[in-house]
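Following: one structure in structure tokens, then a few remarks.
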There are 2 protein chains.
Amino acid sequence: MEAVVDEDVCTKWSETLRVYHNTSCELENSLQDGHDLGLSEFEVLKILSRSCGKHGGKAKMKELEAEMYLSQSALSRTVTRLEKAGLVTRATCDFDRRAMFLLLTPAGQERYEAAQPTYRAVLRRHLA
Amino acid sequence: MEAVVDEDVCTKWSETLRVYHNTSCELENSLQDGHDLGLSEFEVLKILSRSCGKHGGKAKMKELEAEMYLSQSALSRTVTRLEKAGLVTRATCDFDRRAMFLLLTPAGQERYEAAQPTYRAVLRRHLA
DNA sequence: TGACATCCAATGCACGTGCATGTAAGTTTC
DNA sequence: GAAACTTACATGCACGTGCATTGGATGTCA
């Protein structure tokens with residue numbers, strides 16, 4: 001019977017919804033209050049911090065876009081906010097001048113490392 | 001070691017994020033394109049349709065608010081949209097004239113029933 | 001080389017959301 | 001019964017998002 005599947009699927013969905021909402025709300029609030037960072041801003045710093053270790057301090061916009069659940073335009077503005085806050089620098093790529101490299105500034109690295117414990121604590125509280 | 005827990009928790013979170021985003025985006029698009037309904041609008045109709053069966057066609061705003069992940073103001077505006085579309089009616093309560101009852105109109109019931117298969121199909125595709 | 005398609009990022013715009021506040025109705029305290 | 005408090009809902013406002021478009025750079029093909 002399909003009805004059984006539907007019920008099961010609905011339960012799974014409402015559970016996902018609950019976890020997502022509780023967690024992301026608290027992440028948003030904690031990061032904002034404690035570190036003046038939005039969740040998607042933190043997420044950019046996180047990815048950037050990872051790939052900066054690997055690629056010598058650079059990451060392309062397109063790479064970021066592929067790794068997070070954000071439209072191209074939203075990402076562009078998120079980066080603009082981070083740049084205004086001095087946490088990130090934009091740099092044009094010499095080989096393809098359409099593309100942009102992103103660099104984590106020392107302030108950005110510092111802010112990310114300060115925020116990471118908060119982030120992990122919230123995740124642990126909700127998902128452990 | 002805490003690092004192990006953190007990694008596990010991060011994986012769980014990114015999985016939740018993935019499922020939530022894919023599912024809710026497709027729900028939003030399918031419901032909008034096929035039935036001219038936003039996801040939170042559909043959710044209101046869904047709850048209303050359930051409790052209308054039980055309570056003789058009525059549900060209070062506060063009840064809705066408790067059952068969905070939406071702020072009081074957002075819910076108020078969602079109901080306004082539904083009312084403008086003729087899918088729902090607001091009615092003041094005689095016993096507590098601060099409170100509002102919501103009624104599903106025949107058009108609302110019809111729209112909900114038309115949209116439900118779409119909704120379930122998306123959930124099944126992503127969560128089955 | 002010139003014309004055309006494709007790609008990357010930024011921006012105008014509309015929209016839904018949350019927070020803070022306003023307004024009106026009910027409740028409590030004296 | 002008047003004043004202070006609480007509750008229910010609506011609204012002003014700021015903000016982040018997605019879609020569509022633009023502007024500039026690159027690639028392709030004749």
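Just the heavy atoms: all of them, side chains too, but no hydrogens, waters or symmetry mates, feed the values below. Here is the naming used below: chain letters follow the sequence lines, and residue numbers restart at 1 for every chain.
- Looking at heavy atoms from C-beta onward, Leu75(B) lies in side-chain contact with Leu64(B) at the 4.5 angstrom threshold.
- Ion pairing of Arg120(A) with Glu7(B) is absent here, as no side-chain N (NZ or NE/NH1/NH2) approaches a carboxylate O to less than 4.0 Å.
- We find that CZ of Arg81(B) is positioned 17 Å from P of dA14(C), with the value rounded to whole Å.
- Protein atom CD of Gln32(B) is 15 Å distant from nucleotide atom C1' of dT17(D), rounded to whole Å.
- Spacing between atom NZ of Lys60(B) and atom P of dT7(D) amounts to 15 Å, rounded to whole angstrom units.
- Glu28(B) places its CD atom 8 Å from the P atom of dT17(C), with the value rounded to the nearest Å.
- For Ser71(B) and dG16(C), the shortest distance from a side-chain N or O to OP1 or OP2 is not below 4.0 Å.
- Phosphate contact (OP1/OP2 of dA10(D), side-chain N/O of Arg90(B), threshold under 4.0 Å): present.
- For Ser40(B) and dT17(C), the shortest distance from a side-chain N or O to OP1 or OP2 is below 4.0 Å.
- Phe101(B) meets the ring-ring contact (aromatic ring centres under 6.0 Å, His included) test with no other residue; sequence neighbours excluded.
- The CD-C1' distance, from Glu65(A) to dT17(D), rounds to 14 Å in whole Å.
- Residues that satisfy the side chain to side chain contact (heavy atoms under 4.5 Å, CB included) test with Glu28(A), not counting sequence neighbours, are Leu39(A).
- With respect to Glu15(B) and Arg18(B), a salt bridge is recorded, a charged nitrogen being found less than 4.0 Å from a carboxylate O.
- Formation of a donor-acceptor pair under 3.5 Å by the Ser24(A) side chain with backbone atoms of Tyr20(A) is found in this model.
- Residue-level contact check: Leu70(B) touches the backbone only, with heavy atoms under 4.0 Å from sugar-phosphate atoms and none from bases.
- For the pair Leu39(A) CG and dG18(C) C1', the interatomic distance rounds to 15 Å; values are reported in whole Å.
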What protein N or O atoms touch nucleotides 21-26 of chain C N or O atoms at under 3.5 angstrom, if any, and at what distances?
from, atom 1, to, atom 2, distance (Å)
dG26(C), OP1, Arg97(B), N, 2.9

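- Summarising the geometry, the separation between NZ on Lys62(A) and P on dT26(D) is reported as 16 Å, rounded to the nearest angstrom.
- Across all strands shown, Arg77(A) has heavy atoms under 4.0 Å from base atoms, whether or not it also approaches the sugar-phosphate.
- Using modelled atom types and a 3.5 Å distance limit, the side chains of Arg77(A) and Thr80(A) yield no donor-acceptor pair.
- Counting to the nearest Å, the P atom of dA25(D) and the CE atom of Met61(A) are 17 Å from each other.
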